[in-house]
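Structure first, then comments.
Below, chains carry the letters A, B, ... as their sequence lines are ordered, and counting in each starts from 1.
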Amino acid sequence: MAATSLSPVITSQALKDLTNQTLPKTNDSSPTGSLKDCRNLTELRKLHCQIAKQGLIHRPSTVAKLISTCTALGTFESLVYAKNILNQFRYDNQNDGTLFMYNSLIRGYSSIGLGKEAIRVYLEMLSLGISPDKYTFPYLLSACTKISATAEGFQVHGSVIKMGFQGDMFILNSLIHFYADCGEIVMGQKVFDEMIDRNVVSWTSLICGYARSGLAKEAVELFFEMVEEGTRPNSVTMVCVISACAKLRDLELGERVRGYISSLGVKVNTLMVNSLVDMYMKCGAFDTAKRLFDECEQKNLVVCNTIMSNYVHSGMVREALCILEEMLRQRLVPDRVSILSTISVSAQLGSIFLGKCCHAYVLRNGLEGWDSISNALIDMYMKCGKQEVAFAVFHRMANKTVVSWNSVMAGYIRNGDLSSAWEVFNNMPESDLVSWNTIISALVQESMFEQAIELFRTMQNKGIKADRVTMVSIASACGYLGALHLAKWIHAYIKMNKIPCDIRLSTALVDMFARCGVKPDGVVFVGLLTACSHGGLVEQGRDIFKSMTSVHKISPQIVHYGCMVDLLGRAGFLEEALDLIKLMPMEPNDVIWGSLLAACRMHRNIDMAGYATERMKELASDRTGIQVLLSNIYASAGKWTDVAKVRRQLKEKGARKVPGSSSIEVNGQIHEFTSGDESHPEMMHIAAMLDEMHCRVEAAGHAPDLSNVLLNVDEEEKEYVLSRHSEKLAIAFGLISTDQGTSIRVVKNLRICSDCHSFAKLVSKTYNREIIVRDNNRFHFFQRGFCSCNDYW
DNA sequence: GTAGGGTTAG
């Protein structure tokens, strides 16, 4: 039955189930005779006594079994118990045969997240003169990873080398995982590069590390490299790569990876279905996700939680409730994540009834200790207008977090009590960006524009960086005040701080300029159109484009046409895009044709793709090799296997025939540089930056290596040619056009030259930037003056 | 012995 009102979505029986259910007890008291089946510490104690009575307690193998049973129980108490057994045994036997037991303990502490304890056990073991073996290190590294003990991990790496274990694949894989997880992906890559043998775990660890370090693109590229190299991915690899695609919000790429999965015959398990469902939902393909979910035979809690939380995030609360109902029907017991989503549903619906059911469930199952649950409850009660209950939950929280305070403050604001909100804001023990955004937007909503801007200034003075949300409020405040100079400043601030312009911010900016009486400039419209393109808002994009001339009296530049072609092309309006290109008052460039080509590929329009390719070839003939360009287009469209193919062709052709070209992507646009290229619109700034870079790098000890210049010219000329190598241009552009803290990623069609290599190392150090150069041979990760390739490539 | 999914506030 298609329910039209909200209540029938979740049946009363299901609600009753939810209210009455209890999480299964972890303690199964069924008595068993052997250690293997031991389910809790009480049972284990009994067995321990029996074993002691039988006089078996002096056998190392028996004690080892006892200890690993404790480890498997995985509680703090059971590990303390294990430690006591170990101490007793050591006392009787003077360390003989205790290594296995120590390993077991380290593993146990690591597995329950008590990394510090694991490290302590390791140190104790060392102090007793017991040397670790190859099994010790993976456990120990996993402990370091779990508690982000970076310094300790580095030390462990040192010990691994000192003790001669640098050939052990398991240890090296653990090291990759450790480095990748603590943000030292360059070190992870280094370990990977130095490995003589690699297996699928080595690759997967690195891929996953990249994805987690915010380098999802590199992760996917690495995946295709792995496949090309002949290593067969398994289901874990797939989960990592698909989640990288989800992070990129790149549906096409995700589909491609999925295609690979089926073509390789990797068995699809529930975990993979889960990551696929997540990817489809994050990319907005809800129907496909739901179909996959429905087809999944063994739905587990996680896949239900995934689909539910995605629905909740997208405001599709009815759909979320349907999933909950299905979970209950299938006798799956909701856990804290499911309940978190359900509380959020109640909040969005303002349904105090459902909210109370959730609260009851939380109390019955002892889930109120989870910060996020209590925070969600506060938010829910506030949104349902039950302030007192919200406060009760708040006051009962042992560890109030910023989120708790923020929720209370937002609750006051929602109920129109700005002065109480203000008091909370001024008295909260710590505040974050959300706190500031909340109060600033409240002031704007109350028409207290000057105060909002004043607070924004305070925020600046405190060194808190504004984001998109802040700027929407501030732009709107500025618009109401009609303060033109401020409007200009805000616009400059957004540009300078590289705050990404989504549709809301772009609209607010246009609105702000309209109210201040001055024309928004072309850059605002680039942001606006790009935002429309990424959000698939074709109708709005068309209107905005038209309004440029009709309302704002700005004549569109080539970049605006580029945005429109991209917008129309992505949405499948290929003919309209082509018509627009033909009507352009200026000559279309490679970016325009490239966008159309990418769109043709996306929508499988072979004829138009052929046409676009021809036009591109015409343009490319007097510039760089068409293949380099194509390679970049493939790369920007996520066609990594095609990229690899083109690269191989380039290699086969012989590198010298192809001019050196480096490309860098900034804000979704690919900028390509050839050696000595001066065609870039920002060339003035790039040249100034290059001069500065050369000064600083030479001061740091860099001497140009002129042997890299193969031309027959004098020294000075050689030095100039060298200083304008394409990768240097691209890096310089990267430095001036991206934020401090973002890594600079350059793709080069040829092998990087040794001068650029040592140059990049020093730039990474003097400018404190991570630089990634992908040449036709391999990745180079420059960080703090070093490169991952160890100067060998 | 090594690698993988779902988490609140504007």
Nearest heavy-atom contact between A/F178 and A/G153 is CZ-CA, 3.3 Å
Separation of B/dG6 atom P from A/L271 atom CG, nearest Å, is 10 Å
Item checked: Sugar-phosphate, base or nothing in reach of A/R414, heavy atoms under 4.0 Å -> sugar-phosphate
Note to self: Strictly below 4.0 Å: does A/H313 bring a side-chain N or O up to OP1 or OP2 of B/dG6?
What the structure shows: no
Measuring to OP1 and OP2 of B/dG4, would you say a side-chain N or O of A/R212 lies under 4.0 angstrom away? yes
Task: Heavy-atom side-chain contact between A/E117 and A/I112 under 4.5 Å - done: no
For residues A/I490 and A/M471, determine if any side-chain heavy atom of one lies less than 4.5 Å from a side-chain heavy atom of the other. yes
Margin query: With a 3.5 Å cut-off and heavy atoms only, can you find an N or O donor on one side and an acceptor on the other between the side chain of A/D168 and the base of B/dG1?
Written below: yes
What's A/Y139 touching, base or sugar-phosphate or nothing? Going by heavy atoms closer than 4.0 Å. sugar-phosphate
A/L377 atom CG is separated from B/dA9 atom P, nearest whole Å, by 12 Å
Using OP1 and OP2 only, check whether a side-chain N or O of A/H177 sits under 4.0 Å from B/dT2. no
**Q.** Residue pair A/S104 / A/T71, side-chain donor-acceptor N/O under 3.5 Å
**A.** yes
Among the nucleotides B/dG5, B/dG6, B/dG1, whichever has the atom closest to the side chain of A/V302 is B/dG5
CZ (A/F223) and OG1 (A/T231) are apart, to the nearest 0.5 Å, by 11.0 Å
Between the base of B/dT8 and the side chain of A/S372, is there a donor-acceptor distance below 3.5 Å? no
note: A/N274, atom CG; B/dG6, atom P; distance rounded to Å ~ 7 Å
>> Between B/dG1 and A/F170, is there a base-stacking contact, meaning the centre of the base's six-membered ring lies under 5.5 Å from the residue's ring centre while the planes stay under 30° apart?
In response: yes
In whole angstroms, the gap separating C1' of B/dA3 from NZ of A/K146 amounts to 12 Å
From CD1 of A/I323 across to C1' of B/dG6 the rounded distance in Å is 13 Å
- Task: Under 4.0 Å between any heavy atoms, over every strand shown, what does A/S275 touch: base, sugar-phosphate, or nothing? Just pick one.
- Result: nothing
In whole angstroms, the gap separating P of B/dA3 from CG of A/D181 amounts to 10 Å
**Prompt:** OP1, OP2 of B/dT7 versus side-chain N and O of A/S309: anything below 4.0 Å?
**Reply:** yes
In whole angstroms, the gap separating P of B/dG1 from OH of A/Y122 amounts to 19 Å
Atom CZ of A/R336 and atom P of B/dG5 are separated, to the nearest Å, by 15 Å
### Message
One thing to verify: whether A/E319 and A/K290 come together as a salt bridge, which I'm taking to mean a side-chain N less than 4.0 angstrom from a carboxylate O.
### Response
no
Do A/N103 side-chain and B/dG1 base share a donor-acceptor contact under 3.5 Å? no
With the side chain defined as heavy atoms from C-beta on, A/P138 is closest, among B/dG1, B/dG5, B/dG4, to B/dG1
Measure up the A/Y412 and A/F391 rings against each other and bin them: parallel (under 30°), tilted (30 to 60°), perpendicular (over 60°). tilted
key: Touch class at under 4.0 angstrom, heavy-atom based, for A/D133 against every strand present   = nothing
Side-chain atoms of A/N375 come closest, of B/dT8, B/dT7, B/dG4, to B/dT8
Checking B/dA3, B/dA9, B/dG5 against the side chain of A/V239 (C-beta onward), the nearest is B/dG5
Report task. Using a 4.0 Å heavy-atom cut-off across all strands, classify A/S205 as base, sugar-phosphate, or nothing. Result -> sugar-phosphate
From the candidates B/dG1, B/dG4, B/dT8, the one with an atom nearest any side-chain atom of A/K134 is B/dG1
Looking across every strand, which nucleic acid part, if any, lies under 4.0 Å from A/N234 by heavy atom: base, sugar-phosphate, or nothing? base
